[in-house]
Amino acid sequence: MKKLERIESNANAKIKLVSKLHAHKYRKEESLFVAEGVRLAEMAVQAEWPLRFAFVSDSAIDNPRVVQIVERLQARDCPVYQMERELYNKASDTVNGQGILLVMGQRLFTWREVLSCPRGDAPLLAVLDGIQDPGNAGTIIRTADALGCTGVVCLEGTVDLFSDKVVRSSMGSIFNIPFLDNVTRGAFIDACHDNELNMIATALDKLALKHYLAEYNSPTAIVFGNEGGGISPEIMEAAASKVYIPMSGKAESLNVASAAAIVLYEANRQRAIL
């Protein structure tokens, strides 16, 4: 590992930049975001995403995994700055973090990429319709990655996918699966028509099917709605079909991330047995 340049003052411009990137306004202005933690950094370095620079604390540099990350960053000509833990904490958004964070460029994907199926399968999209909780959004991205979705589509009003909490909740899956952000509902509906996508809305509706009775083998976009308000009326009207998850207990509903896992697992199961 090459010797690292040190940052000694919280007046440093890079410290100030990282602190700003915890806010949506500055992430959007700079087209940058922060990935923090050992596992996230490992996955980020493996991904074909633009790297700007990294911070590592004095205490973290004793971790062999961190040393490997730093060496890989140096091999990609990404600047790495070392600093005291107290100074690192001023830039960090986590309590008792692992002492390594990356500043990365945001990637923009296309409809062609989210619909692309390397194995020749039909496209399968997870669609977030106004989901606000970062933990839910990140977990759905992680689930979509695990269960073979070709992409994720976020409609207007959905939480910023580049927020620190979404990135952490995705456990690195944000680097594995293409996604579209801030898509208007009209544009999404048009894309479903143009690409012959079967739009399935997850909603407790009198016409809804039990989720395991729906057919997911054709090109499909499954929509998951806002935590409080559910799926927007425009999407409900445009959906080709609706599904719900039958429950036998006393709970009135499921967390949207849990519901997404159940429905996406069924889609994956049906596709796996063909």
Side-chain angles (χ1 to χ4, degrees), residues 114 123-161 163-174 176-177 179-183 185 188-189 192 197-273:
V114 299
L124 175 63
L125 302 181
V127 183
L128 283 61
D129 183 8
I131 289 176
Q132 287 292 294
D133 183 81
N136 285 335
T139 300
I140 293 173
I141 292 171
R142 183 182 181 186
T143 301
D145 177 25
L147 294 176
C149 289
T150 55
V152 173
V153 176
C154 296
L155 305 185
E156 284 183 320
T158 298
V159 64
D160 177 12
L161 293 194
S163 76
D164 301 46
K165 291 181 180 179
V166 173
V167 174
R168 285 199 300 269
S169 297
S170 80
M171 294 297 290
S173 285
I174 195 168
N176 296 338
I177 187 167
F179 56 85
L180 298 176
D181 194 19
N182 203 35
V183 178
R185 288 166 181 80
F188 169 63
I189 292 168
C192 287
L197 288 170
N198 179 35
M199 188 199 306
I200 298 177
T202 53
L204 189 56
D205 182 89
K206 62 182 179 181
L207 299 178
L209 297 170
K210 293 178 180 178
H211 74 286
Y212 53 79
L213 296 178
E215 186 272 313
Y216 303 97
N217 293 309
S218 59
T220 301
I222 308 174
V223 186
F224 305 98
N226 173 271
E227 292 87 348
I231 289 175
S232 56
E234 190 175 356
I235 297 299
M236 285 287 284
E237 183 178 348
S241 58
K242 304 175 184 68
V243 299
Y244 73 97
I245 299 169
M247 299 184 294
S248 57
K250 295 181 180 180
E252 292 183 358
S253 63
L254 289 170
N255 169 278
V256 65
S258 299
I262 292 170
V263 177
L264 292 175
Y265 178 83
E266 175 60 23
N268 180 265
R269 186 195 68 82
Q270 289 188 19
R271 289 168 173 238
I273 63 177

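Numbers here are sequence positions counted from 1. Note that this is a predicted model, so its numbers are computed, not measured.
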**Report entry** Residue pairs fulfilling salt bridge (charged side-chain N to carboxylate O under 4.0 Å, His left out) with at least one residue in residues 208-218, sequence neighbours excluded
**Finding:** none

Requested in this report: Any salt bridge (charged side-chain N to carboxylate O under 4.0 Å, His left out) involving residues 258-267? Give me the pairs, sequence neighbours left out, ordered by first then second residue.
Outcome: E266-R269

Partners of [X] by side-chain contact (heavy atoms from CB on, under 4.5 Å), sequence neighbours excluded?
X	answer
D133	N136, E227
N268	L147
A267	L124, Y216, I222
A208	D205, K242, Y244

Closest heavy-atom pair and its distance - [X], [Y]:
X	Y	result
L161	F179	CD1-CD1, 3.6 Å
T202	G225	OG1-N, 4.3 Å
S170	V167	OG-O, 2.8 Å
V243	A214	CG1-CB, 3.6 Å
L264	A126	CD1-CB, 4.3 Å
R185	S232	NE-OG, 3.0 Å

Got a sec, which residues hit side-chain hydrogen bond (donor to acceptor under 3.5 Å, both in side chains) with [X], two or more places apart in sequence or on another chain?
X	answer
S173	D145
E234	none
R142	none

What distance do [X] atom [atom1] and [Y] atom [atom2] have between them, rounded to the nearest 0.5 Å?
X	Y	atom1	atom2	answer
L125	T150	CG	OG1	4.5 Å
I174	S169	CD1	OG	10.5 Å
L128	E156	CG	CD	14.0 Å
C154	I141	SG	CD1	6.0 Å
L180	T158	CG	OG1	12.0 Å
L155	I235	CG	CD1	5.5 Å

Do [X] and [Y] have side-chain heavy atoms sitting under 4.5 Å apart?
X	Y	value
L197	P123	yes
P246	H211	yes
F188	D129	no
I200	V263	no

Query raised in the report: Any donor and acceptor pair, going by atom type alone, linking the side chain of T139 with main-chain N or O of A257 inside 3.5 Å?
Result: no

Query raised in the report: Would you say T220's side chain and S218's backbone share a donor-acceptor pair under 3.5 angstrom?
Result: yes

Query - Results of salt bridge (charged side-chain N to carboxylate O under 4.0 Å, His left out) for D164 - residues two or more places apart only - result: R27

Report task. Go through the steps to decide whether I177 and V152 satisfy the test side-chain contact (heavy atoms from CB on, under 4.5 Å), and finish with yes or no. Result -> CA-CA 7 Å; I177 187 167; V152 173; 4.0 Å; yes

Requested in this report: Show your reasoning for whether side-chain contact (heavy atoms from CB on, under 4.5 Å) applies to V153 and D181.
Outcome: CA-CA 6 Å; V153 176; D181 194 19; over 6 Å; no

Query raised in the report: Taking everything shown except M171 itself, do over 12 heavy atoms lie less than 6.0 Å from its CE?
Result: no

Report task. For the pair N226 and I131, evaluate side-chain contact (heavy atoms from CB on, under 4.5 Å) and give the outcome as yes or no after the intermediate values. Result -> CA-CA 4 Å; N226 173 271; I131 289 176; 5.7 Å; no

Query - Derivation of the side-chain contact (heavy atoms from CB on, under 4.5 Å) call for F224 and I231 - result: CA-CA 7 Å; F224 305 98; I231 289 175; over 6 Å; no

